[in-house]
Amino acid sequence: MEGSVINIDKKQFQNDLIDWFHTEKRDLPWRRTADPYQIWISEIMLQQTRVDTVIPYYKRFVEKFPTLHDLAMADEEVLLKQWEGLGYYSRARNLQAGVREVAEKYGGKVPGSRKEILALKGVGPYTAGAVLSIAYGLPEHAVDGNVMRVLSRILLIDEDIAKPKTRKVFEEAVTALISHEDPSAFNQGLMELGALVCTPTSPKCLLCPVREHCAAFNEGRQHELPVKTKAKTNKGVNYAMVAIRSGESLLMEKRPSTGLLANMWQFPLLEIAESIGAPGVEERLSEQFKGTVEKAEKITSFKHVFSHLTWNVDGFIAKGVNLEIPENMKWVNAAEMDLLPISGPVQKMKTALTSRGDA
DNA sequence: AATTCGTGGGC
DNA sequence: TGCCCAAGAAT
């Protein structure tokens, strides 16, 4: 399998791929900059996230934080608000941690060695190679899902790409194949090919610029690759989400700094065994806040699917009187709430409130 | 090595 | 509807 690398006319393969990339590449915002900091941002946002989704976020982000220094100085809540809706929120906090490290240790210049950039928070093997090749023109491998799919077909590699150790096989393949004249176009070309032509289902082989190099195509086996075992099923959790009102204010709660939706804000959330009614909500919250939560009313019910779990949420509205609230909660008015970073489930709750005229 | 981390789109 | 997926990293 790795032996397949030597069966490729490397120079011809590089030329075919790179020529195609320069001709057919999409005009993406992060391809209009040479700033390593901005390229870094794009690579973080693109992790497990579609190009079309990232584009508007990237534009707003670089406008809000044009330089590495701007992001280093930013308030985390403002940062998370910019990231709201993009998902995987630890990416944003890790990015800022990495940026601050660059500001302190490297005088604000993104380091240009794999060892140094790999040590930055949120930067793994893929992102390190991507920034080094795209921003600095270095012949470093950048193996993502696209690259594994494309090369599994071209080189007829049938190892399970869901297994962590398999990535190394592809890193070695890229190291052997990468163009030293244009590493950036080579790496981006592999990914662009995966996105536009060598797609997971229905690969457009007749449009492929490197099909004559492709072992899978030559054997008619492109649909068999890549080999990828499937993930586990996700579990469900039941919650009561409660918008507690006092005058013109609503009670909001900041989530813990680790784990799911870290540091994001939400309406107070009760984990429940089964669906509980409004009386149950009043009882549990009154006890929790050592006050009175009354006039609870269910206003919505929805499901929110995460990667590995599902929230089944019953949404309530209620009134709070003389509540003792903990450190991680605060009363906010409508304008203040708009500044808080919130996740998908809270967004759904907010929509239910708004359509009802209660927020 | 296996889990944990979001979201929206496609079929 | 349910499942898979999309420029992965941290634990």
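Numbers restart at 1 for each chain; the letters A, B, ... are given by sequence-line order, proteins then strands. As a basis for the values below, the full set of heavy atoms in this structure was taken, side chains included, without hydrogen atoms, waters or symmetry mates.
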Q: State whether the distance check finds a donor on one side and an acceptor on the other, under 3.5 Å, for side chain A:Thr49 versus base B:dG8.
A: no
Nearest-Å distance, [atom1] ([X]) to [atom2] ([N])?
X        : N     : atom1 : atom2 : value
A:Leu120 : C:dG8 : CG    : C1'   : 16 Å
A:Arg91  : B:dG6 : CZ    : P     : 9 Å
A:Lys303 : C:dT1 : NZ    : P     : 10 Å
A:Asp52  : B:dG8 : CG    : P     : 14 Å
A:Glu43  : C:dA9 : CD    : P     : 10 Å

Regarding [X] and [Y], do their side chains bring together a donor and an acceptor under 3.5 Å, going by distance alone?
X        : Y        : answer
A:His213 : A:Asp16  : yes
A:Gln82  : A:Arg60  : no
A:Glu172 : A:Thr175 : no
A:Ser257 : A:Asn263 : no

Q) How far, in whole Å, is C:dT1 from B:dG6 if one measures between their P atoms? A)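 My reading of the P atoms in B:dG6 and C:dT1 gives 25 Å.
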Q. Which value, in whole Å, describes the distance between the C1' atoms of nucleotides C:dA6 and B:dC5?
A.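 Result for the C1' pair: 15 Å, nearest Å.
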Any base atoms under 4.0 Å from [X], or only sugar-phosphate, or nothing? Heavy atoms, all strands.
X        : result
A:Val147 : nothing
A:Ile39  : nothing
A:Val51  : base
A:Arg255 : nothing
A:Trp311 : nothing
A:Gly194 : nothing
A:Arg149 : sugar-phosphate
A:Leu86  : base

Q. How far apart are the closest heavy atoms of A:Lys81 and A:Leu340, and which atoms are they?
A.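 Heavy-atom minimum between the residues: NZ-O, 3.0 Å.
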Q: Can you measure from CG (A:Asn238) to CD1 (A:Ile272) and round to the nearest 0.5 angstrom?
A: 5.5 Å
**Q.** First of A:Lys121 and A:Ser42 reached from the 5' end of DNA chain C, by closest nucleotide
**A.**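 Nearer the 5' end of the strand: A:Ser42.
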Q. Toward the 5' end of DNA chain C, which comes first, A:Gly122 or A:Leu28, by nearest nucleotide?
A. A:Leu28
Q. Do the two ring centres, one from A:Phe306 and one from A:Trp311, sit under 6.0 Å apart?
A. yes
Is there a side-chain polar atom (N or O) of [X] under 4.0 Å from OP1 or OP2 of [N]?
X        : N     : value
A:Ser307 : B:dT7 : no
A:Tyr89  : B:dT7 : yes
A:His308 : B:dT4 : no

Measure all distances between protein nitrogen or oxygen atoms and nitrogen or oxygen atoms of nucleotides 9-11 of chain B, and list the pairs falling under 3.5 Å.
none

Q: Compare the minimum distances between each of B:dC5, C:dC5, C:dC4 and the side chain of A:Lys228, then state the nucleotide with the smallest one.
A: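 Of the options given, the side chain of A:Lys228 lies nearest C:dC5.
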Q. Counting side-chain heavy atoms from CB outward, which of C:dA6, C:dG8, B:dT7 is closest to A:His304?
A. B:dT7
Q. Mapping A:Thr258 and A:Lys163 to their closest nucleotides on DNA chain B, which lands nearer the 5' end?
A. A:Lys163
Q) Name the one of A:Tyr57, A:Tyr88, A:Phe61 that satisfies ring pair (Phe, Tyr, Trp, His ring centres under 6.0 Å) with A:Trp83? A)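 Exactly one candidate clears the test, A:Phe61.
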**Q.** Close side-chain approach of A:Val197 and A:Trp20, heavy atoms under 4.5 Å
**A.**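 Yes, side chains in contact.
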